[in-house]
Each structure stands twice: as C-alpha cells, then as structure tokens.
Amino acid sequence: MITWALLAVLLVSALLYSRWRHSYWSSRGVPTAPGSIPFLGHTLKLLNRKKYRWLIIDEMYRNHGGSLFCGLYDIHNPNLMVGDPDLVKAVLIKDFDHFADRRSFKATNPKDKVFNEMLTSATGDHWKGIRSVLSTSFTSGRMKGMFPLVEAKAEGLVDYFHRQLEKDPVIRMKESFGMYTMEVISSCAFGLETNSFEEDGIFPQKAMEMFKISPFRMAKFLLFLTVPKLAKLLNVQISHENTEFFTDVVIETMKQRKTGGKRGDFLDIMLETREDQNEKTDKKKPKYPLSDETVIASSVLFIIAGYDTTANTLGNATFLLAKHTEEQERLREELKKIIEEHGTLTYQGIMEAKYLDGCISEALRIHPPAHFTERCCTKNYQLPGTDVVIAKGDVVSIPVWSLHHDQRYWPEPEKFDPTRFFPENKDRIVSGTYLPFGLGPRNCIGKGSLALHCVGLHKKKNGKPLH
Ligand code: HEM
C-alpha cells in the first residue's frame with residue numbers, strides 16, 4: 001500500500017515537474033505549438049515516421065505562429081522556431097554574437113573525441129579558430145585548382161552510367177551521385193582513390209550507413225536530450241560507429257603525407273597551416289592551434305557533411321530536369337554554347353552558366369537537403385520588436401523548407417522555375433527566405449564546392465549525351 005502511494009506521489013510530482021517545464025513558453029507570452037505531451041514535449045510528434053518532418057514543421061509554421069515564432073519542447077528543452085525573415089536574419093547574421101553556437105552534446109566517450117572536435121559541434125572561440133583556418137581551403141582559387149580532379153571523377157560517373165545501362169535501363173540516381181560525390185570529396189580532401197563506382201566500393205556504403213537512424217541510435221540521442229548527465233556518466237557514444245572507419249583512413253593518409261609528396265588538397269592545406277602555427281613564437285601562437293584531432297575531425301566532417309547533401313542536390317536536380325523537359329533542353333543548349341565558346345568545359349564556363357545556376361538553386365529551394373537549421377543562444381537576447389527574451393541555452397530553429405515554400409515570398413512555390421535566380425530577378429528574392437546553405441558567419445563552409453560537382457551533371461561520353 002505504502003509502495004503504491006509512494007509511486008503515485010512520484011508520478012504526480014514528475015507530471016507536475018514536466019508541466020512546469022512545459023510552461024516555459026506560455027509564461028513568456030510565446031504561443032506553443034500543439035502536440036506537446038508530458039515528458040516528451042514535441043519530440044514524439046517530430047519523430048513521427050508516417051509524415052515527413054518538414055511537413056510537420058510546416059504545419060506549425062503555417063498554423064501556429066511559427067511564421068513569426070512559436071515555442072516547442074525537445075523533451076523538456078525549450079526550442080523557439082523563428083520563421084519571420086527579419087528575425088531569421090537577426091539571429092543568424094546581425095546578432096550572431098548571441099547565437100554563435102549550435103546545440104553541443106560534449107559526449108565523454110573516448111570514441112566521440114573526433115565528433116566533439118568537428119566544426120559543426122565546436123563552440124565559442126574554439127569554433128572561430130578552426131573556422132578561420134578551414135575557410136582558406138574553400139576560396140574560389142582553391143576550387144579552380146581542384147577542377148581537373150573533379151572532371152576526372154565526372155568522366156568516371158559517365159562511364160559508370162554507360163556500364164549500368166547495358167545491364168539495366170533503370171539507374172538509381174541518388175546512389176550513383178552518392179558514389180560520385182564520395183569520389184570527388186575523397187580525392188579533393190585527401191587524394192584517396194575510393195573505387196566507389198565498383199560494386200564492392202566500401203566508402204559510399206560506409207557513408208550511406210551513417211545516415212540511417214536506427215531505433216538504438218535514436219534512443220541514445222534521446223538520452224542525451226533528456227538526461228545529458230546520465231548519458232555522459234554511462235559513457236554513451238553519440239557518433240556513428242562508422243566514424244572510426246573514416247578516422248582510420250585519415251590517420252593512415254596523414255602518415256603517408258609525412259613521407260610522400262604534396263597534392264594541394266584540403267589535407268595538405270591543413271597540415272601546412274599547422275606547420276606555420278608551430279613555427280610561430282609563443283606570443284604569436286594562436287589560442288586554438290590546429291591539433292591532430294582537429295585535422296582528423298575536419299577531414300572526416302568534410303566527407304559526412306558533403307556526401308549526402310551534395311548527392312541529394314544532384315539527384316533532385318536531375319529528377320526535376322527529367323520532369324521538366326523544356327527546362328532540360330534550355331540547360332543543354334546553354335552548356336553546349338558555353339563549351340563551344342571555351343573549347344571545353346572549364347571552371348570559368350561553369351561559373352558563367354546562369355541557367356545551370358538557376359536549375360541548381362531552384363532544386364535547392366524546392367528540396368533543401370537541410371530542411372531546418374538551428375543555433376543555441378549563448379547570452380540572453382531580446383527578440384527585436386517583441387518582449388520575448390531568449391535565454392542562454394535555449395535553442396532557436398529556423399524552418400528552412402517552410403520559408404522556401406511560402407507563397408508570400410515565392411509565387412507558385414511548387415513550380416520549378418530556374419529563372420527566379422537570374423541576376424535580373426534576384427532583387428525580387430526577399431532576403432532571409434532562401435537559405436539552403438544557412439546564413440551568416442556559421443553558414444555552410446563548403447557551399448562554393450557545389451559548382452565543382454555540377455560537372456557530373458553534363459558530361460558526355462564520346463560526344464554522346466545521356467538521356
Ligand atoms: C549541396 C551541398 C550542401 C548543402 C545543401 C549544405 C548545407 C549546409 C547547411 C544548411 C549547413 C548549416 C548552416 C547554418 O547552420 O547556417 C551546413 C554547414 C556545414 N557544411 Fe554544408 N552543405 C553542402 C555541402 C557541403 C560540403 C561539400 C562540405 C565540405 C566539403 C560542407 C561542409 C559543411 C560544414 C563543415 C558545416 C558546418 C559549418 C560551421 O558550423 O561552421 N557542406 N551545410
């Protein structure tokens with residue numbers, strides 16, 4: 001009897017505690033999106049596998065105050081969804097010093113060392129230090145230098161398509177672009193030949209596995225969200241086990257670089273920067289020098305961050321072009337003309353291809369690979385024009401997909417119209433409503449590399465285009 005009474009008291013206390021935590025937004029006058037349940041908040045709603053996550057978020061964006069802002073709960077943690085373009089820009093650009101971080105788990109498992117060191121998870125000055133060094137790897141000069149490497153991989157992709165077509169008229173474009181992207185990134189990042197186009201290509205397989213979220217991984221993630229202290233105490237590993245595979249590859253390549261020659265790839269750039277830092281006198285040494293861990297983590301991250309996003313973009317772009325044959329023909333004509341003018345396909349030629357830019361930009365608008373992005377508040381912040389104060393530690397999320405599909409900003413949002421992005425139409429785009437690569441100082445560091453990958457979209461074999 002006493003045990004039951006005790007249990008009842010515990011349950012009621014837990015419920016009251018959860019209710020109190022879930023009154024965070026209403027007590028601040030912020031509308032709360034429906035669907036929050038005791039203990040789990042909106043997490044269960046957002047994890048519903050029967051509906052795409054971006055559509056669930058879109059419903060909140062459209063119906064429950066999300067287009068300005070509305071409150072959510074990740075388990076018990078407050079998350080403010082901000083959808084107003086001016087507020088989006090305030091958070092991501094203007095008042096970046098209040099929102100320089102992303103949510104960070106700081107896992108304690110030794111196997112998470114690489115994960116914790118990645119640019120995506122790094123925080124504060126540490127992030128700033130790594131980001132400023134890595135940014136030098138992505139200048140247009142560097143991209144241009146890598147063009148021949150990418151061109152060779154694009155030839156490999158076209159060969160692969162022809163070989164596949166002999167076996168089966170159906171080609172899985174997303175998977176094929178996954179192989180191509182893996183080839184390009186591993187070649188440009190560390191001069192690795194991954195044989196991705198072969199049947200037993202292990203690299204794309206390992207990378208693809210990392211994007212499958214098993215119930216076990218989800219449970220670990222939820223544990224970090226609910227009781228991070230317990231997750232750390234139990235030494236729960238948050239990074240995918242395949243991270244180790246890529247880490248070993250990078251370590252092995254670094255060893256080879258000590259004896260072998262340079263290639264001018266990302267790994268070389270990072271290693272050179274580190275040598276420069278080491279040679280500096282104590283006073284001039286940067287506060288956060290590039291450690292071995294940072295070099296390894298950044299190389300592994302380039303694979304993870306660039307693989308699925310780029311393969312998705314190329315896959316979606318070809319899918320849209322296959323459905324819109326007029327647009328496809330117009331793109332083909334543009335590229336033929338550019339190739340005639342330049343004699344061959346060059347980096348400069350791709351940069352001049354404005355219809356190609358429109359097609360890729362429009363594919364990224366309709367199907368942004370990252371359908372939302374988020375920041376963690378690092379010091380209390382009053383949302384401009386409102387009484388709402390976002391407290392340190394609160395998460396702010398931006399519904400990228402919804403902004404891209406809002407007809408207030410994009411007339412006929414479901415229509416594939418590459419001309420929206422023509423230079424003469426660009427001033428019609430409301431700033432803060434197009435963010436496939438995020439915005440502000442913490443946006444995608446690799447966005448410039450997408451133009452390079454586009455070579456794979458319009459290579460021919462022996463003058464014969466693929467249809
Ligand atoms: C079409 C391809 C890609 C898309 C759509 C994409 C999208 C994004 C988005 C939305 C973010 C978050 C930005 C924000 O929070 O404001 C991001 C961050 C990032 N991306 Fe990409 N990305 C792409 C390709 C790449 C490539 C090829 C690389 C590397 C080689 C890369 C490396 C990164 C890194 C390191 C970050 C974290 C930046 C930081 O925290 O400072 N991405 N990306």
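Each ligand, and each atom within it, is numbered from 1 in the order the structure gives. Worth knowing before you read on, the calculation uses all heavy atoms, side chains too, and leaves out hydrogens, waters and symmetry mates. Model, not experiment: these values are computed from the prediction.
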| Pairwise side-chain contact, H324 with R330, heavy-atom cut-off 4.5 Å (strictly under) | no
| query | Is there a heavy atom of W127 sitting under 4.0 angstrom from any atom of ligand 1? | reply | yes
| task | Using a strict cut-off of 4.0 Å, indicate which atoms of ligand 1 neighbour a heavy atom of A370. | result | 10 (C)
| query | Parallel, tilted or perpendicular: which fits the ring planes of F245 and F203, with parallel below 30° and perpendicular above 60°? | reply | perpendicular
| request: Taking atom types as modelled, find out whether H405 and E414 have a side-chain donor-acceptor pair closer than 3.5 angstrom. | output: yes
| message | Among all the protein's non-hydrogen atoms, which is closest to atom 34 (C) of ligand 1, and how far away is it? | response | I445 CG2, 3.7 Å
| Subset of ligand 1 atoms that lie under 4.0 Å from at least one heavy atom of R375 | 14 (C), 15 (O), 16 (O)
| Using 4.0 Å as the upper bound for N to carboxylate O, is an ion pair formed by K153 and E193? | yes
| said: Under 4.0 Å from a heavy atom of G306: which atoms of ligand 1 are those, numbered in the order shown and with their elements? | reply: 25 (C), 26 (C), 27 (C), 28 (C)
| note | Contact region, R102 to ligand 1, non-hydrogen atoms below 4.0 Å, reads side chain
| field | Which segment of R442 sits under 4.0 Å of ligand 1 when only heavy atoms are counted | value | both
| message | Starting from atom 4 (C) of ligand 1, what is the nearest protein heavy atom, named by residue and atom, and what distance separates them? | response | F437 CE2, 3.5 Å
| field | S239 and D112 side chains, donor-acceptor separation under 3.5 Å | value | yes
| Mind checking whether E374 has a heavy atom under 4.0 Å from ligand 1? | no
| query | In terms of ring plane angle, is the pair Y73 and W25 parallel, tilted or perpendicular, where the classes change at 30° and 60°? | reply | tilted
| Short list, please: which atoms of ligand 1 are under 4.0 Å from a heavy atom of L301? | 35 (C)
| said: Taking a cutoff of less than 4.0 Å between a non-hydrogen atom of the residue and any ligand atom, is K447 in contact with ligand 1? | reply: no
| query | Do Y52 and D58 meet the criterion of a side-chain donor-acceptor pair at a distance under 3.5 Å? | reply | no
| Closest protein heavy atom (residue, atom, distance) for atom 32 (C) of ligand 1 | A305 CB, 3.6 Å
| query | Nearest protein heavy-atom contact for atom 20 (N) of ligand 1: which residue, which atom, what distance? | reply | C444 SG, 3.2 Å
| query | For the residue pair F266 and F302, does the interplanar ring angle fall in the parallel (under 30°), tilted (30 to 60°) or perpendicular (over 60°) class? | reply | perpendicular
| Closest non-hydrogen protein atom to atom 38 (C) of ligand 1, residue and atom name please, with distance? | R131 NH1, 3.4 Å
| request: State whether Y347 and K144 meet the cation-pi test: NZ (Lys) or CZ (Arg) under 6.0 Å from the six-membered ring centroid, and within 45° of the perpendicular axis. | output: no
| message | Just to be sure I read this right, does ligand 1 sit under 4.0 Å from the backbone of L439, its side chain, both, or neither, counting only heavy atoms? | response | backbone
| said: Looking only at protein heavy atoms, which one is nearest to atom 36 (C) of ligand 1, and what is the separation? | reply: T120 CG2, 4.1 Å
| said: Whether the E59 and H64 side chains hold a donor-acceptor pair (N or O, under 3.5 Å, no angle test) is what I'd like checked. | reply: no
| query | Any idea which part of P436 is under 4.0 Å from ligand 1, heavy-atom wise: side chain, backbone, both or neither? | reply | backbone
| query | Among protein heavy atoms, which lies nearest atom 24 (C) of ligand 1, and at what distance? | reply | T309 OG1, 3.5 Å
| query | Short N/O distance, under 3.5 Å, between T310 and ligand 1? | reply | no
| task | Specify the protein heavy atom at minimum distance from atom 29 (C) of ligand 1: its residue, its atom name, and the distance to 0.1 Å. | result | F302 CD2, 3.8 Å
| query | Against heavy atoms of G438, which atoms of ligand 1 measure under 4.0 Å? | reply | 10 (C), 13 (C), 14 (C), 16 (O)
| query | Of the options R102, R103, R442, which is the one that meets E374 in a salt bridge (Lys or Arg N to Asp or Glu O under 4.0 Å)? | reply | R103
| query | Relative to the heavy atoms of T313, which atoms of ligand 1 are at a distance of less than 4.0 Å? | reply | 1 (C)
| request: Say whether S397 and N79, considering side chains only, have a donor N or O and an acceptor N or O under 3.5 Å apart. | output: yes
| said: One residue to check: T373. Relative to ligand 1, which of side chain, backbone, both or neither has a non-hydrogen atom less than 4.0 Å away? | reply: side chain
| said: Taking the cut-offs as 6.0 angstrom to the six-membered ring centre and 45 degrees off its axis, would you call K354 and F422 a cation-pi pair? | reply: yes
| request: Establish, from distance only, whether the side-chain atoms of Y381 and D394 form a donor-acceptor pair under 3.5 Å. | output: no
| said: Could you tell me, atom by atom, which parts of ligand 1 come under 4.0 Å of a heavy atom of P369? | reply: 5 (C)
